[in-house]
Number of protein chains: 2
Amino acid sequence: MTKRAFKDAVYRQAAWIGKALASPKRLELLELLAQAPRTVEVLAAETEATVANTSQHLQILFAAGLLDAHKGGRFVTYRLADASVGKFLLDFRALSEKRRAEIDRIKRQFFAEMGEVEPVNQETLLERVRRGEALVLDVRPAEEFHHAHLVGAISLPLPELESRLSQLPKNKEVVAYCRGPFCVLAAEAVQRLRRHGIPAYRLEGSVYDLQALGLPTTASASGHPPAVDR
Amino acid sequence: MTKRAFKDAVYRQAAWIGKALASPKRLELLELLAQAPRTVEVLAAETEATVANTSQHLQILFAAGLLDAHKGGRFVTYRLADASVGKFLLDFRALSEKRRAEIDRIKRQFFAEMGEVEPVNQETLLERVRRGEALVLDVRPAEEFHHAHLVGAISLPLPELESRLSQLPKNKEVVAYCRGPFCVLAAEAVQRLRRHGIPAYRLEGSVYDLQALGLPTTASASGHPPAVDR
DNA sequence: CAATTAATCAATCATTCGCTTAAATATTAA
DNA sequence: TTAATATTTAAGCGAATGATTGATTAATTG
């Protein structure tokens, strides 16, 4: 093996990971799977793609080594291969947001259109959460909450929001989070809570972002459920 | 903007970074640039590609936001856009090595073919370096050494190795490092040092890997030169 | 066993990619 | 100004990609 053949071989291997990250749909799939394992059907529905297409993308991610697949009955459940993939995805997203300023523009535009009030400074919001001054809502589907969530957060999936409004304590500021800065669930929750006169704010980070910022979670490591949850 | 349009737009942006990482040649260029800025010509020579092809790859990396370009005279010098890109590359390489076992196989085969003795445990090697028990050689080109290097390391570029052998202290173990685990310079240095009867070992990590492991370097942050060097 | 369901596979097609060769641009040196 | 040098641009080509559609496989249910 020549030096050139060695370098070509090694970088060709690494490029498999790059190729896996080179498609918008695949990145969306990865971010969903970072929250909790899912079946092909569910992933296809959530990303608004056909099942066949989603299956193909999942196979590319699997071939790259980023996913594990497990067949149970008629369903194939895909999940991140290990916690290091989840951790890497946080780094990848951070780099994307830092180096592609366009992302910030798109976010601003979208959330402004949603009628979001001047986005509260995330730092001060975090500080209130740390001090327990705000009621923290996890508005993702219950299964994702179960997989990993912020300690002290209440699970209130979006479809149940209105029907469970009365259970919320009065006169307490509410902070909602979902899957991360590219997820719209929390923004929609805030919109609907405000319609009912509740002072609500959106926290941008996912459980794993917040965990990395030092907030206590039920997950011991990014991407995989904690022992206590099993 | 619908929710779908939002997600599509955001992930399309992030996928630019993925696309940049999806080519073996581009990954090789990035790892070279992580050591020091370079011109197109030099990069083409080092990656054994045509200048036109290299220029095209560099433009893709630039468009993705990973590189800065600076024109001085007739030369265009490319460099990593900022230190966060260098840091990310370490994470990307780590994930690649972890999730694509084939890389380890290729490395073992190549270095075995080079006649490398049973690869010394990197941990024990590092410990000897930390304790100052070994003479640490930086066998990269002088310019890269100047850009950032391990504190205490001696610059001994490969082409000068034989001619400067006599300057090495006798009876001291030698440890050589270069650009990282995919770089062959240190392995070749070790090979040649051993031919001259010098007990030499290869350290896998780059300056930035070693910095992340806590070894003192002249670089304050990954990928960009330290203030002290300017 | 037949029908249903989840997922994959196969064929197709327009698009993009990686690379080559050759021409064009821009800057410096003679 | 001409020549030389560094880089980019343009055109072209085979291979790979992303998506669609329809068929196929495998497991479950009636």
Side-chain angles (χ1 to χ4, degrees), chain A residues 4-5 7-30 32-33 37-64 66-79, chain B residues 4-5 7-30 32-33 37-64 66-79:
Chain A
R4 178 42 47 194
K7 288 184 190 172
D8 286 348
V10 166
Y11 286 113
R12 184 162 55 241
Q13 286 299 316
W16 274 96
I17 308 274
K19 280 184 219 288
L21 304 172
S23 145
K25 276 279 185 261
R26 285 199 289 273
L27 293 178
E28 195 177 347
L29 290 168
L30 284 170
L32 286 170
L33 290 170
R38 282 171 170 82
T39 65
V40 180
E41 263 214 319
V42 171
L43 287 165
E46 296 223 49
T47 59
E48 299 176 53
T50 64
V51 171
N53 190 210
T54 302
S55 174
Q56 286 165 359
H57 280 308
L58 290 168
Q59 283 171 63
I60 289 170
L61 292 169
F62 179 84
L66 299 181
L67 301 186
D68 264 0
H70 175 257
K71 183 151 190 174
R74 216 164 355 172
F75 300 84
V76 177
T77 300
Y78 283 93
R79 73 186 65 216
Chain B
R4 176 43 46 193
K7 289 184 189 173
D8 286 348
V10 166
Y11 286 113
R12 185 162 53 243
Q13 287 298 316
W16 273 96
I17 308 274
K19 279 186 220 288
L21 304 172
S23 143
K25 275 280 185 258
R26 286 198 290 273
L27 293 177
E28 196 177 346
L29 291 168
L30 285 170
L32 286 171
L33 290 169
R38 283 172 170 81
T39 65
V40 181
E41 263 212 319
V42 171
L43 287 166
E46 297 224 47
T47 60
E48 299 175 54
T50 64
V51 171
N53 189 209
T54 302
S55 174
Q56 286 165 356
H57 280 307
L58 290 168
Q59 283 171 65
I60 289 169
L61 292 169
F62 180 84
L66 299 181
L67 300 185
D68 264 1
H70 175 257
K71 183 151 191 174
R74 231 168 335 179
F75 299 83
V76 177
T77 299
Y78 284 92
R79 72 186 65 217

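Just so it is clear, the model here is predicted, and its values are computed rather than measured. By convention in this document, chain letters (A, B, ...) are assigned in the order of the sequence lines, proteins followed by strands, and residues within each chain are numbered from 1. In what follows, every heavy atom counts, from backbone to side chain, and hydrogens, waters and symmetry copies are set aside.
Between B/R26 and C/dG18 there is a side-chain N or O to OP1 or OP2 distance below 4.0 Å. The side chain of A/S55 places an N or O atom within less than 4.0 Å of a non-bridging phosphate oxygen (OP1 or OP2) of C/dT8. Under 4.0 angstrom from either OP1 or OP2 of D/dT8 there lies at least one side-chain N or O belonging to B/Y78. Between D/dT17 and A/H57, no contact under 4.0 Å exists linking OP1 or OP2 to a side-chain N or O.
In this structure, A/R38 atom CZ and C/dA6 atom P are separated by 17 Å, rounded to whole Å. The distance between atom CD of A/Q56 and atom P of C/dA6, rounded to the nearest whole Å, is 18 Å. Here D/dT25 presents its P atom at 13 Å from NZ of A/K71, a figure rounded to the nearest Å. Residue A/L43 contributes atom CG, which lies 11 Å from atom P of C/dT8 at whole-angstrom precision. Atom C1' of nucleotide D/dG30 and atom CZ of A/R74 are separated by 12 Å, given to the nearest angstrom. Between the NZ atom of A/K25 and the P atom of C/dT15 there is a distance of 19 Å, given to the nearest Å. Rounded to a whole Å, the NE2 atom of B/H70 is 14 Å from the C1' atom of C/dT27. Across the protein-nucleic acid pair, B/F75 atom CZ and D/dT8 atom P stand 12 Å apart, rounded to whole Å.
Residue contacts shown for B/A49 are absent, as no nucleic acid heavy atom lies under 4.0 Å away. If you check every strand for non-hydrogen atoms under 4.0 Å, A/T39 touches sugar and phosphate atoms only. In this structure, A/V51 reaches the bases: a heavy-atom distance under 4.0 Å links it to at least one base atom across the strands shown.
Interatomic distance, CZ of B/F62 versus OG of B/S55, reported as 11.5 Å (0.5 Å rounding). Rounding to the nearest 0.5 angstrom, the gap separating the CZ atom in B/R38 from the CG atom in B/L33 is 6.5 Å.
By the 4.0 Å N-to-carboxylate-O rule, A/E48 lies too far from B/K7 to be salt-bridged with it. Checked for salt-bridge contact, B/R74 and B/E41 miss the test: no charged N lies under 4.0 Å from a carboxylate O.
The A/E41 side chain lies nearest to C/dA6 when the options are C/dA6, D/dA6, D/dT8.
If you find the closest nucleotide of DNA chain D to A/G72 and to A/S23, the one lying nearer the 5' end belongs to A/S23. When each of A/N53 and A/K19 is assigned the nucleotide of DNA chain C with its nearest heavy atom, A/N53 is the one assigned upstream, toward the 5' end.
Checked by distance alone, B/Q59 brings no side-chain donor or acceptor within 3.5 Å of a matching partner on the base of D/dT9.
In this structure the side chain of B/I17 never reaches within 4.5 angstrom of the side chain of A/L21, judged on heavy atoms.
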